[in-house]
Every structure is written in structure tokens, then in C-alpha cells.
*Asks:* 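Could you have a look at this structure, given as C-alpha cells, before my questions?
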Number of protein chains: 2
Amino acid sequence: MDHRTRLLDAAERLFYERGVRAVGVDEVRAASGVPLKRLYQCFPSKEELVVAYLRRRDQRWRASLAESVARRDDRVPAVFDWLENWFREPGFRGCAFVNSFGELGATSDAVARTAKEHKDALRHYLVDLVRGFAADPEELGEQLLLLVEGAITSAAVRGDFGAARRAREVAEILLARAGG
Amino acid sequence: MDHRTRLLDAAERLFYERGVRAVGVDEVRAASGVPLKRLYQCFPSKEELVVAYLRRRDQRWRASLAESVARRDDRVPAVFDWLENWFREPGFRGCAFVNSFGELGATSDAVARTAKEHKDALRHYLVDLVRGFAADPEELGEQLLLLVEGAITSAAVRGDFGAARRAREVAEILLARAGG
DNA sequence: TACTGTAGAGAACGCGCGTTCTCGACACCA
DNA sequence: TGGTGTCGAGAACGCGCGTTCTCTACAGTA
């Protein structure tokens with residue numbers, strides 16, 4: 001496994017688990033086994049490491065969702081079932097992008113932009129998901145985005161994993177109205 | 001104005017604006033004009049200052065919402081109108097409790113607990129709001145909570161202030177079904 | 001065998017943090 | 001007036017941060 005991957009693996013685990021500022025660069029070095037010098041060759045600053053961590057997580061997170069949803073016929077409910085599985089994973093601590101935005105968004109434009117890109121991509125995915133059967137895919141997609149965001153936040157802060165099921169029920173109501 | 005208030009005013013402005021870890025205790029001292037010695041008399045540690053900031057913000061935030069909603073007949077839509085006004089305030093940067101949870105929740109039990117208490121109180125308020133006309137107030141209240149959370153997150157990260165209006169539209173659909 | 005370049009380990013640097021300590025100024029009472 | 005306690009201003013402390021530098025080891029080449 002190359003250095004970059006080892007660094008991103010360690011960074012993702014530590015940053016998501018404890019928050020970005022709570023984890024020093026030296027701890028990422030220790031956890032990855034990559035020498036500090038190489039760390040700074042791959043990522044010339046901590047901020048670039050953080051952005052790279054977020055970008056890779058974005059790709060993987062959306063790919064996992066899309067793959068899981070594509071296997072089912074009832075695709076919109078499948079989104080919320082996938083969420084519930086995620087919530088129940090040990091170490092779940094909410095949305096990495098929301099957390100990073102709250103922690104660093106005011107300080108780092110790059111982090112704020114990366115978080116926004118993730119949410120925009122998720123919105124785009126949901127709109128595409130209902131295109132074809134929804135009268136107004138943009139409208140329905142954005143409504144679903146609200147439910148997804150709400151479920152993630154409630155699951156994280158309140159520890160309410162049932163939020164996914166509740167969000168799915170609301171989604172099904174909207175779906176029925178939209179003719180899905 | 002007493003020292004405690006001056007400290008909490010400065011802390012709230014700085015912590016919300018930039019994040020908790022990004023603001024040093026000394027900056028709170030400078031912004032408040034309160035000597036460091038007194039700061040540590042009022043709040044023996046930074047963590048206690050952070051929790052006090054969150055608790056006061058919780059009270060004020062919910063009081064402002066409740067007061068604004070109580071003045072209207074269509075109370076549920078009023079919640080989302082209040083949200084939209086909040087989103088459009090200069091310096092809006094999402095939910096202080098979600099932000100603090102993401103930044104410090106893993107490190108500080110007190111902060112995680114305070115954030116959870118805020119969200120639980122909001123849920124309780126929303127359930128009470130629909131009690132009386134909803135067939136299942138708990139269910140509808142929780143659904144509204146999802147929409148509120150989703151709108152706040154979308155407004156913060158995506159800068160989508162229209163999320164409040166969209167959430168209100170979904171809420172009105174749920175309301176009509178629940179017999180409101 | 002000598003020379004060169006690269007790599008790893010970790011020391012060093014400058015800074016800012018949360019917290020505590022020092023010291024001089026000043027009010028209050030005998 | 002002299003003694004006592006309180007207060008504010010800010011220096012000091014120990015630590016951990018992000019980042020850079022130094023030193024040693026060694027592979028590849030002539």
C-alpha cells in the first residue's frame with residue numbers, strides 16, 4: 001500500500017473519530033507509519049491533508065450509497081435504509097462534511113468549499129434518482145435532501161437511529177404525491 | 001453589565017463565528033474587557049465557558065422561536081418562516097450545537113450532552129406544538145424536527161436559504177395529512 | 001573503495017494554547 | 001498614617017501544535 005493511501009486511511013479514521021483540530025499531524029504520522037518528511041511531500045500542509053481526506057470520503061460515501069441503492073427496485077426508500085445501516089455502524093459520529101464545516105469552515109475556504117461540493121453532489125444524485133417519474137425532480141430531490149440531512153443530524157446528535165425510518169416514511173408520502 | 005454577561009456575549013460571538021478551538025481564552029478576555037483572573041473565577045475552565053455559552057444560546061434561541069411562533073395562527077409554517085429569517089441574518093453559520101458537537105463532542109461529554117439537550121428540547125417543543133390537532137403528535141413532531149434540521153444544515157453548508165421555504169412546503173403536506 | 005543522492009528518524013523551532021503566578025495600585029478601616 | 005485585603009494587568013509556565021532541519025545509513029555507480 002502506498003504512502004498516500006496509508007496517510008489518508010489514518011487521517012480519515014482519526015479526523016472523523018475525534019475532529020480535525022483534536023488530531024495533530026504527528027499522530028497521523030504515527031498511526032500511518034509514514035515518515036513525517038514523506039507526509040509533507042504528499043500533503044504540503046495539514047489543510048491539504050484534510051481536504052484530501054474529505055474528497056476521498058466524499059467519493060467513497062456516495063459510491064457506497066449509489067451501489068447499494070442501485071441493487072434495489074424501490075430506490076428512494078433504499079436511500080434511507082442505507083442511512084440506517086450507516087448510523088448503526090460503530091463509531092458513527094454524523095456527517096464528516098458538516099462536522100468539518102462547523103469546525104473549519106470559517107477558517108478555511110477550501111474546507112468550506114469541499115463540504116459544499118459534497119452536499120451539492122448529494123443533491124444532484126437525489127434529483128437524478130427521481131428524474132423520470134417525478135413531475136418536478138428538482139423539487140422532490142431537494143425535499144429528499146432535507147430529509148437525509150435531518151436524519152443524519154438527529155442520528156448523530158440525539159443518537160436517534162430511528163430517524164432514518166421516519167425520514168423514509170415522509171419520503172414515501174412525498175413519493176406517492178409525486179406519482180412514484 | 002456584569003462580568004459573566006460580558007464574557008458570554010464575547011464568547012458567543014467568537015465561538016459561533018469561528019469555532020471553539022479557533023478562539024483562545026485570551027481573545028475572549030480581550031473582546032469582553034474582563035480580566036483573565038475574573039474569567040477564571042466565573043468559569044474555572046474553557047470547557048465550562050463553552051457549556052455556559054451553549055446553554056444560554058439554547059435558551060435564547062428557543063425563546064425567540066417560541067415567541068415568534070406564538071404570535072401567529074399558523075404555527076407550524078411560522079416555525080419555518082422564523083428559520084428563514086435566521087438564515088438570512090448576517091453571520092449565520094449553521095446550528096451552534098451541531099457545530100460544537102462535531103468539533104468537541106468526541107472530546108467533551110459535557111458539550112455532547114448539551115447539544116443533545118438542545119435538540120431534545122427542540123423536539124419536545126415541536127411535539128407540543130402539534131399536540132391537540134395531530135393524530136400522533138410524537139410522530140408529526142419528529143417529522144418536523146427532521147425538516148428543521150435538514151433546512152438548517154442545507155442553509156449552512158450549501159448556503160441555500162430557500163431550504164426553509166421548501167421545508168415549510170413539506171411540513172404543510174404532513175400537516176394536511178395529520179388533519180391540521 | 002570513494003562519491004553521490006535519497007531516505008528515515010527524530011530533534012529543533014517558533015508559536016499559541018489553557019492556566020497560574022507575580023506584582024503594583026488602590027480602597028478601607030484602626 | 002500604617003496595615004490589610006482586593007483588584008487588574010500582564011508575565012510566566014508547560015505543553016502541543018504545524019513545520020523545518022539535521023544527522024546517519026545506505027544503495028547505486030565509477
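Below, read A as the first sequence line, B as the second, and so on, with proteins coming before strands; counting in each chain starts at 1. Just so it is clear, the values below take in all heavy atoms, side chains as well, and ignore hydrogens, waters and symmetry mates.
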*Asks:* Tell me: CZ of A:R29 to C1' of C:dA9, nearest whole Å?
*Replies:* 9 Å
*Asks:* Expressed as a whole number of angstroms, how long is the span from B:L39:CG to C:dC21:C1'?
*Replies:* 16 Å
*Asks:* Mark yes or no for whether A:E103, through its side chain, and A:V20, through its backbone, hold a donor-acceptor pair below 3.5 Å.
*Replies:* yes
*Asks:* Only counting residues at least two apart or in another chain, list the ones meeting salt bridge (Lys or Arg N to Asp or Glu O under 4.0 Å) with A:E17.
*Replies:* none
*Asks:* Estimate the overall bend of the helix from C:dT1-D:dA30 to C:dA30-D:dT1 from the end axes over five pairs each, rounded to 10 degrees.
*Replies:* 30°
*Asks:* Show which residues join B:F101 in its hydrophobic cluster (side-chain heavy-atom contacts under 4.5 Å, direct or indirect), or state none.
*Replies:* A:V98, A:F101, A:V157, B:V98, B:V157
*Asks:* So A:W61 and A:W86, would you call those rings parallel, tilted or perpendicular, with 30° and 60° as cut-offs?
*Replies:* perpendicular
*Asks:* What does nucleotides 12-21 of chain D look like as a protein-contact string, B for base, S for sugar-phosphate only, - for none, at under 4.0 angstrom between heavy atoms?
*Replies:* ------SBB-
*Asks:* Using only heavy-atom distances, determine whether the side chains of B:E47 and B:S108 contain a donor-acceptor pair under 3.5 Å.
*Replies:* yes
*Asks:* How would you list, by chain and number, every residue that makes a salt bridge (Lys or Arg N to Asp or Glu O under 4.0 Å) with A:E139, sequence neighbours excluded?
*Replies:* none
*Asks:* Looking at B:E67 and B:R71, is there a salt bridge between them, counting it only when a charged N and a carboxylate O are closer than 4.0 Å?
*Replies:* yes
*Asks:* Go through the structure and list residues passing salt bridge (Lys or Arg N to Asp or Glu O under 4.0 Å) with A:R131, not counting sequence neighbours.
*Replies:* A:D128
